[in-house]
2 protein chains.
Amino acid sequence: MTVTETAADRLIRIGEVARAAGVSARAVRYYEQQGLLISERSPSGQRLYRQDAVTLVRFFQQMYAAGLTSRRIAELLPCWDSGHTDAEQRAMLRAERDRIQAKVDDLQAALDRLDEVIAITDSHP
Amino acid sequence: MTVTETAADRLIRIGEVARAAGVSARAVRYYEQQGLLISERSPSGQRLYRQDAVTLVRFFQQMYAAGLTSRRIAELLPCWDSGHTDAEQRAMLRAERDRIQAKVDDLQAALDRLDEVIAITDSHP
DNA sequence: CTAAAACCTGACGTTAACGTCAAAGGCAAG
DNA sequence: CTTGCCTTTGACGTTAACGTCAGGTTTTAG
């Protein structure tokens, strides 16, 4: 069907991925080393990524921010790609969900304590 | 007024503080080294803490969980002890509050993404 | 053609809150 | 007295996601 290259087929180099996703090139190489990204190589050896690598990197950042490790993300990636999961993956998904929820609760409690002090000190000119 | 020692005056050793607060003795020494705790010393050199050290340690754990560093906690401790703050401390309080709030939002977003996948995979037997 | 900008691999550096081990002293029970 | 648990200081180890530097190749702009 695609006789000529379409825009969706355009491969981009590491710098463009990094800029578009707001991370460093070093980070992108690290993700690839951790098995989170795959790339083709140009004849000279430069990494070439598909456009959706940018979306992926943003997703990794979100998961990192939520406390998941590279390993965990790699183990759960198939869940997003294929939409299919085995029992082990479902257990991991729920475990991470529960952990994050607990963390949200902890942060909320800390937030309340800070707000409490802020309220008190604001009433003390 | 206090002719004899009251229960509130009882000094406890590091192990009791650690157990009561659910941390290691190593952690308690670390907090003291960071200027978060003060202790008297027995004639033989053992640390002796006041009872409220347990409450303090629990508080430190909560702040650590919220992403504050030892340094920040030390800088803000007077706000709790005295209830008084200067401009710099009020700015730090608000900055930490905002940072934690942003983190809560990030976590919530990640939580939503996980729940999304969980919902999909649960409907795929 | 040439200089700047971007890329490569490899490898050591960073950070924070502890963990862990070593070697030794202290303290109550029996 | 000695067994056993607790404590001391000091110092090196851990972890994860990169930062940073070195030394060399490639691509691009003019």
Side-chain angles (χ1 to χ4, degrees), chain A residues 10-49 53-54 56-77 96 99-100 103 106 110, chain B residues 10-49 53-54 56-77 96 99-100 103 106 110:
Chain A
R10 222 190 94 226
L11 297 177
I12 56 185
R13 294 191 302 174
I14 195 171
E16 193 170 343
V17 175
R19 267 191 311 276
V23 302
S24 67
R26 174 70 174 92
V28 177
R29 288 195 199 94
Y30 177 76
Y31 301 155
E32 184 169 335
Q33 187 184 351
Q34 299 301 305
L36 302 180
L37 283 179
I38 40 180
S39 66
E40 297 177 35
R41 293 300 182 115
S42 77
S44 67
Q46 300 202 342
R47 293 175 177 80
L48 297 176
Y49 297 94
V54 175
L56 271 174
V57 168
R58 290 211 183 95
F59 173 66
F60 298 155
Q61 288 285 111
Q62 186 176 27
M63 293 299 111
Y64 282 134
L68 277 79
T69 63
S70 299
R71 183 164 158 43
R72 213 36 121 216
I73 298 174
E75 289 168 339
L76 294 178
L77 254 188
E96 294 297 340
R99 192 186 50 71
I100 297 174
K103 201 164 180 177
D106 285 351
Chain B
R10 221 189 95 225
L11 296 177
I12 56 185
R13 293 191 302 175
I14 195 171
E16 194 171 341
V17 174
R19 268 192 310 277
V23 303
S24 68
R26 174 70 174 91
V28 177
R29 288 194 200 93
Y30 177 76
Y31 301 156
E32 184 169 335
Q33 189 184 350
Q34 300 300 307
L36 301 181
L37 284 179
I38 41 179
S39 66
E40 298 178 34
R41 291 302 182 112
S42 76
S44 67
Q46 300 200 342
R47 292 176 176 80
L48 297 177
Y49 297 95
V54 175
L56 271 174
V57 168
R58 290 211 183 94
F59 173 66
F60 299 154
Q61 287 287 111
Q62 186 176 27
M63 292 301 109
Y64 282 134
L68 277 78
T69 64
S70 299
R71 184 165 157 43
R72 221 17 131 227
I73 298 175
E75 290 167 339
L76 295 179
L77 254 188
E96 293 298 339
R99 191 186 51 71
I100 296 174
K103 200 165 181 177
D106 286 350

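Each chain gets a letter, A, B and so on, in the order its sequence line appears, and its residues count up from 1. Being a predicted model, the structure only gives us computed values, none of them experimental.
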For this session: Report the residue (A:Leu48 or B:Gln61) whose heavy-atom-nearest nucleotide on DNA chain C is the more 5′ of the two.
Result: A:Leu48

For this session: Please examine the side chains of A:Glu32 and A:Ile38, heavy atoms only from C-beta on, and report whether any two atoms are closer than 4.5 Å.
Result: no

Exercise. With a 4.5 Å limit on heavy-atom distance, are the side chains of A:Val23 and A:Phe60 in contact?
Worked result: no

Problem set entry | Selection from C:dG26, D:dT26, C:dC18 that lies nearest to any side-chain heavy atom of B:Gln46 | C:dG26

For this session: Name the closest nucleotide to the A:Tyr64 side chain, picking from D:dC18, D:dG19, C:dA17.
Result: D:dC18

Rounded off to whole Å, could you give me the [atom1]-to-[atom2] distance for the [X] and [N] pair?
X	N	atom1	atom2	answer
A:Arg26	D:dA22	CZ	C1'	14 Å
B:Gln33	D:dT7	CD	P	18 Å
A:Arg29	D:dA16	CZ	C1'	19 Å
B:Arg72	C:dA16	CZ	C1'	15 Å
A:Met63	D:dC18	CE	P	14 Å
B:Glu32	C:dC18	CD	P	15 Å
B:Gln34	C:dT15	CD	C1'	13 Å
B:Ile14	C:dC27	CD1	P	16 Å

Quick one: label [X] by what it contacts on the DNA or RNA (base, sugar-phosphate, nothing), any heavy atom closer than 4.0 Å.
X	result
B:Arg71	nothing
B:Leu68	sugar-phosphate
B:Ser24	sugar-phosphate
B:Phe60	nothing
B:Arg41	sugar-phosphate

Seminar exercise, completed: Comparing nearest nucleotides in DNA chain D, the 5'-proximal residue of the pair A:Tyr31, A:Pro43 is A:Tyr31

OP1 or OP2 of [N] sitting under 4.0 Å from any side-chain N/O of [X]?
X	N	result
A:Ser44	C:dC7	no
A:Tyr30	D:dA16	no
A:Ser70	D:dA17	yes
A:Arg47	C:dT9	yes

For this session: Could you tell me which non-hydrogen atom of B:Val57 sits nearest to which non-hydrogen atom of B:Ala21, and how far apart they are?
Result: CG1-CB, 3.5 Å

Exercise. Does a side chain donor of either A:Tyr31 or A:Ser70 reach within less than 3.5 Å of an acceptor in the other side chain?
Worked result: no

Problem set entry | side chain to side chain contact (heavy atoms under 4.5 Å, CB included) between B:Leu56 and B:Leu36, worked out | CA-CA 9 Å; B:Leu56 271 174; B:Leu36 301 181; over 6 Å; no

For this session: Check step by step if side chain to side chain contact (heavy atoms under 4.5 Å, CB included) holds for A:Met63 and A:Arg72.
Result: CA-CA 9 Å; A:Met63 293 299 111; A:Arg72 213 36 121 216; over 6 Å; no

